[in-house]
Amino acid sequence: MNRYVITGGKTISGEIACQGAKNSVLPIIAAATMCDSPCTLKNCPEIRDVAATLAILRHLGCEAEFEGGTLKIGCELSSAEIPDALMREMRSSIILLGALLSKHRRANISFPGGCELGPRPIDLHIASFRKMGVKIEERHGSLICDAEKLHGAYVHLDFPSVGATENIMLLAARAKGRTVVENAAKEPEIEDLQGFLNACGARVSGAGTSVIVIDGVAELHGAEYAIMPDRIVAATYLAAAAITGGTLTVTGVEPSHLGSIVSIFERSGCELVIGEDRIALSREGAIRPVGTVRTMPYPGFPTDALAPVMAYLSLAKGSSVFFETIFQNRYKHAAELMRMGAAIKVQGSVAVVEGVRRLSGAKVMATDLRGGAALVIAALAAEGESEVTGIELIKRGYEKFDSNLRALGAQIEEHR
Ligand code: EPZ
């Protein structure tokens, strides 16, 4: 298992261009397979989750060519069966179900496994698909789906699920009639998916609000589209600068996507200068505790930013309290941070982070994508050397993480 070896104490300073958003490019890749001609996606991040999705597309007979941030996707799919091994590689590949059914009216995929964050149910996806006329049989861990009678429908989501909202948009884009999604997720990635679908000739409106309306069309043509910037990756680099007392500018971001995150950094004593497409952060005084951080669906504080921000606040002069309201196992990284000297008490969905004066380098293991990034952030500020293993999890969502940090002053090397 590869690992990062990090020597703490260096400030993270300079300028970094933000990568394309993992959680936007994945549904947009799925949407591209629904088109009747090829698509070109720009600003596509070079991350493991994209590679895993392309492996599934190639298994389905779809051509995909990725070169220097540009991804070209063909439109021929010779199969609609996704085997267990590929489905288990990445839970979010459930997003392909809506795309396969929308264009081919049938699909056979294995039930996506859970992930490091706990069970990842898809009941909202399945209930919505059935309302839209899809016959779904759950047999021996597989979902056998028949969408010959696919039609638009009024769908109310019990929870504003990002994945379910995206899957319904894909399925509805080529369904007969109108689909209305109520209590839809409002994340920026949903708006990016709407932008791509409409660039391909779909008729989608309302993304970014809790009601999305999709009028199905018979065909979708290919398009060229630039993926939005990754707001969680931007937050991660800002946390790395904040914890080390550096001065960092993240460029190529959409500042409005980071409102709740900027407010936390400001409350903790950082100074942030917001530009049109950039955010600059610096910190003079001590890190201040921020009171309560509650994760919420967008535009609330994103659950994906919890771990990086928790690592940063582990050196605050006082205690901060986190309430995780989205996932069951969002605190698995806390025990690893404690190996570095952090003082964190976890009780169910609540974590109390009591700031300590210093962190010390240690051997730690990434527990999940964002938890792994949090360990790197802590190691950058810790005294001495740290080893972070399980870095394949970090590479799922962070492009060139070690070389980017090195360019900003970090002493970090990948070792086999
Ligand atoms: C997306 O996951 C993101 N992943 C996650 O980012 C992100 O944390 C999450 O949205 C919330 O913002 C991608 O976009 C690929 P949900 P998703 O459906 O779609 C429950 C990262 O680190 N639920 O909004 O799976 C579910 O169990 C990843 O980049 C059901 O109960 O999130 C969870 O508790 C991690 N039934 C909650 O809803 C369902 O049918 C939120 O899930 C679907 C979801």
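Just so you know, ligand 1 is whichever comes first in the structure, and atom 1 is the first atom listed for that ligand.
Residues that satisfy the ring-ring contact (aromatic ring centres under 6.0 Å, His included) test with Tyr225, not counting sequence neighbours, are Phe196. Remark: Glu182 engages Tyr154 in a side chain to side chain donor-acceptor pair (under 3.5 Å) (not counting sequence neighbours).
In this model, no donor atom of one side chain and acceptor atom of the other lie less than 3.5 Å apart for Asn23 and Glu189.
The pair Arg48-Glu392 meets the salt-bridge criterion, with a side-chain N (NZ, NE, NH1 or NH2) lying under 4.0 Å from an Asp/Glu carboxylate O. Between Asp304 and Arg330, at least one side-chain N (NZ, or NE/NH1/NH2) sits under 4.0 Å from a carboxylate O, which counts as a salt bridge. A salt bridge is defined here as a Lys NZ or Arg NE, NH1 or NH2 lying under 4.0 Å from an Asp or Glu carboxylate O, and Glu414 with Lys395 meets this definition. The residues Asp215 and Arg178 are annotated as salt-bridged, a charged nitrogen and a carboxylate oxygen being separated by less than 4.0 angstrom.
Those atoms of ligand 1 with a heavy atom of Ile326 less than 4.0 angstrom away are 33 (C), 34 (O), 37 (C), 41 (C). Proximity to Thr303 (heavy-atom distance under 4.0 Å) selects the following atoms of ligand 1: 8 (O). Atoms of ligand 1 found under 4.0 Å from any heavy atom of Gly163 (numbered from 1 in listed order, with element): 18 (O), 19 (O). Distances below 4.0 Å separate heavy atoms of His125 from the following atoms of ligand 1: 40 (O). Which parts of ligand 1 touch Ser92 is read off a 4.0 Å heavy-atom cut-off, strictly below it: atoms 15 (C). Atoms of ligand 1 lying under 4.0 Å from at least one heavy atom of Leu369, given by number and element, are 22 (O). Taking every non-hydrogen atom of Phe159 and a distance limit under 4.0 Å, the qualifying atoms of ligand 1 come out as 37 (C), 38 (O), 41 (C). Those atoms of ligand 1 that come under 4.0 Å of a heavy atom in Arg370, given as number and element, are 21 (C), 22 (O), 29 (O).
The heavy atom nearest to atom 12 (O) of ligand 1, considering only Leu26, Asn23, Val162, is found in Val162. Considering Val25, Ile95, Asp123, Ile122 only, the shortest heavy-atom separation from atom 36 (N) of ligand 1 involves Asp123.
Contacts with ligand 1 closer than 4.0 Å are made by no heavy atom of Gln328, backbone or side chain.
Of the residues Leu157, Val155, Asn167, the one that meets the side-chain contact (heavy atoms from CB on, under 4.5 Å) test with Leu124 is Leu157.
Looking at ligand 1, you won't find any N or O of Ala164 less than 3.5 Å from one of its N or O atoms.
Using the six-membered ring where Trp is involved, Phe129 and His125 have ring planes that are perpendicular, over 60° apart on the 30 and 60° scheme.
In this structure, Glu324 has no heavy atom closer than 4.0 Å to ligand 1.
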